[in-house]
Enquirer: 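After the structure tokens below, expect a handful of questions from me.
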Protein chains: 2
Amino acid sequence: MTGATPRRMGADESLNREALLDAASELMLEEGYAAVTTRRVAARAGLKPQLVHYYFESMDQLLLDLVRRTTARGRETLARVLASPNPVRRLWEWSSDTEATALQIEMMALANHRKAIRAELADGAKRLRRMQVDALSNVLERLGIVNDVVRPDALMAVIGSLGRMLVMEKSLGVTTGHRNTRALVEHYLREFETRLERSTDSPV
Amino acid sequence: MTGATPRRMGADESLNREALLDAASELMLEEGYAAVTTRRVAARAGLKPQLVHYYFESMDQLLLDLVRRTTARGRETLARVLASPNPVRRLWEWSSDTEATALQIEMMALANHRKAIRAELADGAKRLRRMQVDALSNVLERLGIVNDVVRPDALMAVIGSLGRMLVMEKSLGVTTGHRNTRALVEHYLREFETRLERSTDSPV
DNA sequence: GTCTATATAATGATAGAC
DNA sequence: GTCTATCATTATATAGAC
């Protein structure tokens, strides 16, 4: 418990600490993880570069804390999404969120070569996935939609990967086939919503 | 044509030049794009750091050349894939290629904040997509599989995004729902292959 | 045509002042 | 508990030697 603390460090609840994480997040989103340097993070937060090392043990630790904060916030957003009366469509919209996807690419790239970040991101992804699949299973079961081919977790994989890819490609400037892909998704969403409305009309 | 050449530069066909691109590719794959620095690229290629600037105008140019070479090689591989008697399954396998996916994440992240690289990567993606969709359309048409809901380009989007996501997640350490997702893909692949075999048995 | 010596700026991090 | 002066290292890039 009393592990040697080589250097003193700012409190976890500090406003400056949060400001530095905000700055890091913005930089990562706008210019990529390589732009998240001590000096640039500090400058954007209106602080001196040395303060980064006061509030964070290292740049790696700052990035790890950022990933943790981001996935935690993701769970909060997802909880609201899943509370919707039409969770499937909102899940699709959520999977197509531009900002979250851009951040995810950066963090995936970061995780590819930083063990601690990979573990943190994997944990976050698993927890999000479990929330999604649980909610999807509930809805499908409640509506009596049982399908041996398309299991809820597989359906979630399709929704998630397709949404993310459309956003990625669009930000890249590639939209080949997007119209038909969206039409395909819309087709199944409508089919689901028809069943949903039918079940909502009739009382439980 | 005689634009001012501020600095002399190595020939395009030089072995050292290729070695530097190889080193950059390996580094990007193993440690991410941020690890692609003059010193590290040179060290891996067994050359002096200054040579990087002899063969490439700048680090940005090196990265751009690497993206161009990578997408060009991708087209060669894809052409072989599409020449297969069973192009749909091989397209699925190709979309699930681990190395290519890891490189793609890095390059997507890189493209997010470098205009020239974004343009190059977008061009490469469009050309690959066109090859894929053309081939898929041909096969589906030849087999008489016409479907207003699942158009060839949308089907390609599903195959591509799903394959990439499974690989990404697996490398992250997340495999929740992968079994059922693979089973889903396998279901449709088998269905397609049954029709394919039937059409191959009967001569044209 | 190929490579080296060198310049300049940015990086993560530490020790110590308030 | 908060912040600053400073360091060693690495980054990209240039000018010029062979």
Side-chain angles (χ1 to χ4, degrees), chain A residues 2-24 27-28 30-67 106 110 113-117, chain B residues 2-24 27-28 30-67 106 110 113-117:
Chain A
T2 54
T5 311
R7 201 156 17 107
R8 299 189 297 182
M9 203 144 301
D12 273 23
E13 332 80 38
S14 164
L15 279 176
N16 279 351
R17 201 189 133 94
E18 285 298 304
L20 287 170
L21 285 177
D22 290 342
L27 274 171
M28 189 178 280
E30 293 167 16
E31 307 187 46
Y33 68 79
V36 183
T37 66
T38 47
R39 286 172 147 79
R40 303 202 60 185
V41 167
R44 185 172 271 253
L47 298 169
K48 300 227 169 164
Q50 303 95 318
L51 280 180
V52 172
H53 287 280
Y54 171 56
Y55 288 103
F56 301 93
E57 196 183 310
S58 65
M59 282 308 286
D60 273 17
Q61 190 60 48
L62 182 151
L63 289 169
L64 189 64
D65 288 354
L66 178 60
V67 170
E106 290 298 329
L110 205 56
H113 58 280
R114 303 214 196 183
K115 208 176 123 190
I117 289 182
Chain B
T2 54
T5 310
R7 202 157 16 108
R8 298 187 298 181
M9 203 144 302
D12 273 22
E13 332 78 40
S14 164
L15 278 176
N16 279 351
R17 199 189 134 96
E18 285 298 304
L20 287 169
L21 285 177
D22 290 341
L27 275 171
M28 189 178 280
E30 293 167 18
E31 307 186 47
Y33 68 77
V36 183
T37 65
T38 47
R39 283 174 146 77
R40 304 203 60 186
V41 166
R44 186 171 271 254
L47 299 169
K48 300 228 170 163
Q50 303 96 318
L51 279 181
V52 173
H53 287 279
Y54 169 57
Y55 288 104
F56 301 92
E57 194 183 312
S58 65
M59 281 309 286
D60 273 18
Q61 191 60 48
L62 182 151
L63 289 170
L64 190 63
D65 288 354
L66 177 60
V67 170
E106 291 298 329
L110 207 57
H113 57 281
R114 304 213 196 181
K115 207 176 122 191
I117 289 181

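Chain identifiers are assigned alphabetically (A, B, ...) following the order of the sequence lines, protein sequences preceding nucleic acid strands; residue numbering begins at 1 within each chain.
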Enquirer: Measure from CG on B:Leu51 to C1' on D:dA13 and round the result to the nearest Å.
Expert: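 For the pair B:Leu51 CG and D:dA13 C1', the rounded distance is 13 Å.
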
Enquirer: Taking 4.0 Å as the cut-off, does a side-chain nitrogen or oxygen of A:Thr38 come that near to OP1 or OP2 on C:dT11?
Expert: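 The answer is no; no side-chain N or O of A:Thr38 sits under 4.0 Å from OP1 or OP2.
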
Enquirer: May I ask you to test the B:Leu64-B:Phe56 pair for a side-chain heavy-atom distance under 4.5 Å?
Expert: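 Counting from C-beta outward, B:Leu64 and B:Phe56 never come under 4.5 Å.
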
Enquirer: Search all heavy atoms of A:Ala42 against all heavy atoms of A:Val52 and return the closest pair with its distance.
Expert: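 Heavy-atom minimum between the residues: CB-CG2, 4.1 Å.
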
Enquirer: If only atom types and distance count, is the side chain of B:Arg44 paired as donor or acceptor with the main-chain N or O of B:Ala23 below 3.5 Å?
Expert: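 Flag not set: sc B:Arg44 to bb B:Ala23 has no pair under 3.5 Å.
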
Enquirer: Would a distance-only check, ignoring hydrogens and angles, find a side-chain to backbone donor-acceptor pair under 3.5 Å from B:Glu31 to A:His113?
Expert: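 Judged by distance alone, no pair lies under 3.5 Å.
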
Enquirer: Output the rounded distance in Å from CZ (B:Phe56) to C1' (D:dA11).
Expert: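 B:Phe56 atom CZ is separated from D:dA11 atom C1' by 18 Å.
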
Enquirer: Using only heavy-atom distances, decide whether a donor-acceptor pair under 3.5 angstrom links the side-chain of A:Arg39 to the base of C:dA10.
Expert: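 No such pair is found, so the answer is no.
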
Enquirer: Between A:Leu62 (CG) and C:dA13 (C1'), how many Å, whole number?
Expert: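 From A:Leu62 CG to C:dA13 C1': 14 Å.
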
Enquirer: Between D:dT12 atom C1' and B:Arg40 atom CZ, what is the distance in whole Å?
Expert: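 Going from CZ in B:Arg40 over to C1' in D:dT12 covers 16 Å.
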
Enquirer: Is it the case that the base of D:dA13 and the side chain of B:Gln50 share a donor-acceptor contact (distance under 3.5 Å, atom types as modelled)?
Expert: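 It does not, because no donor-acceptor pair links the side chain of B:Gln50 to the base of D:dA13 below 3.5 Å.
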
Enquirer: With nearest nucleotides of DNA chain D determined for A:Ser14 and B:Val36 from heavy-atom distances, which residue corresponds to the more 5′ nucleotide?
Expert: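 Checking each residue's closest nucleotide, the 5'-ward one belongs to A:Ser14.
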
Enquirer: Quick one, B:Leu66 and B:Val36 - any side-chain contact, counting heavy atoms below 4.5 Å?
Expert: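 In short, these two side chains do not touch, never coming nearer than 4.5 Å.
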
Enquirer: What is the distance from CD of B:Glu57 to P of D:dA15, rounded to the nearest Å?
Expert: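 Interatomic distance, CD of B:Glu57 to P of D:dA15: 13 Å.
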
Enquirer: Ignoring the backbone of B:Tyr55, work out which of C:dA13, C:dT2, D:dT2 is nearest its side chain.
Expert: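 Of the options given, the side chain of B:Tyr55 lies nearest C:dT2.
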
Enquirer: Between A:Ser58 and C:dG12, does any side-chain N or O lie under 4.0 Å from OP1 or OP2?
Expert: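 No, outside the criterion.
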
Enquirer: Using whole Å, what does the distance between atom P of nucleotide C:dT11 and atom CG of A:Leu63 come to?
Expert: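 From A:Leu63 CG to C:dT11 P: 14 Å.
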
Enquirer: So, OP1 or OP2 of D:dC3: does either fall under 4.0 Å of a side-chain N or O from A:Tyr54?
Expert: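 A:Tyr54 to D:dC3 OP1/OP2: no side-chain N or O under 4.0 Å.
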
Enquirer: Figure out the NE2/P separation between A:His53 and C:dA17, and round it to whole Å.
Expert: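 Rounding to the nearest Å, NE2 of A:His53 and P of C:dA17 are 20 Å apart.
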
Enquirer: Return no unless some side-chain N or O of A:Asn16 is found under 4.0 Å from OP1 or OP2 of D:dC3.
Expert: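 Yes, within the criterion.
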
Enquirer: Whole-Å distance between C:dG12 P and A:Leu20 CG?
Expert: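 Spelled out: CG on A:Leu20 to P on C:dG12 is 13 Å.
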
Enquirer: Counting only side-chain heavy atoms from C-beta out, which of C:dT4, D:dT12, D:dT4 sits nearest to B:Lys48?
Expert: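 Ranking C:dT4, D:dT12, D:dT4 by closest atom to the B:Lys48 side chain puts C:dT4 first.
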
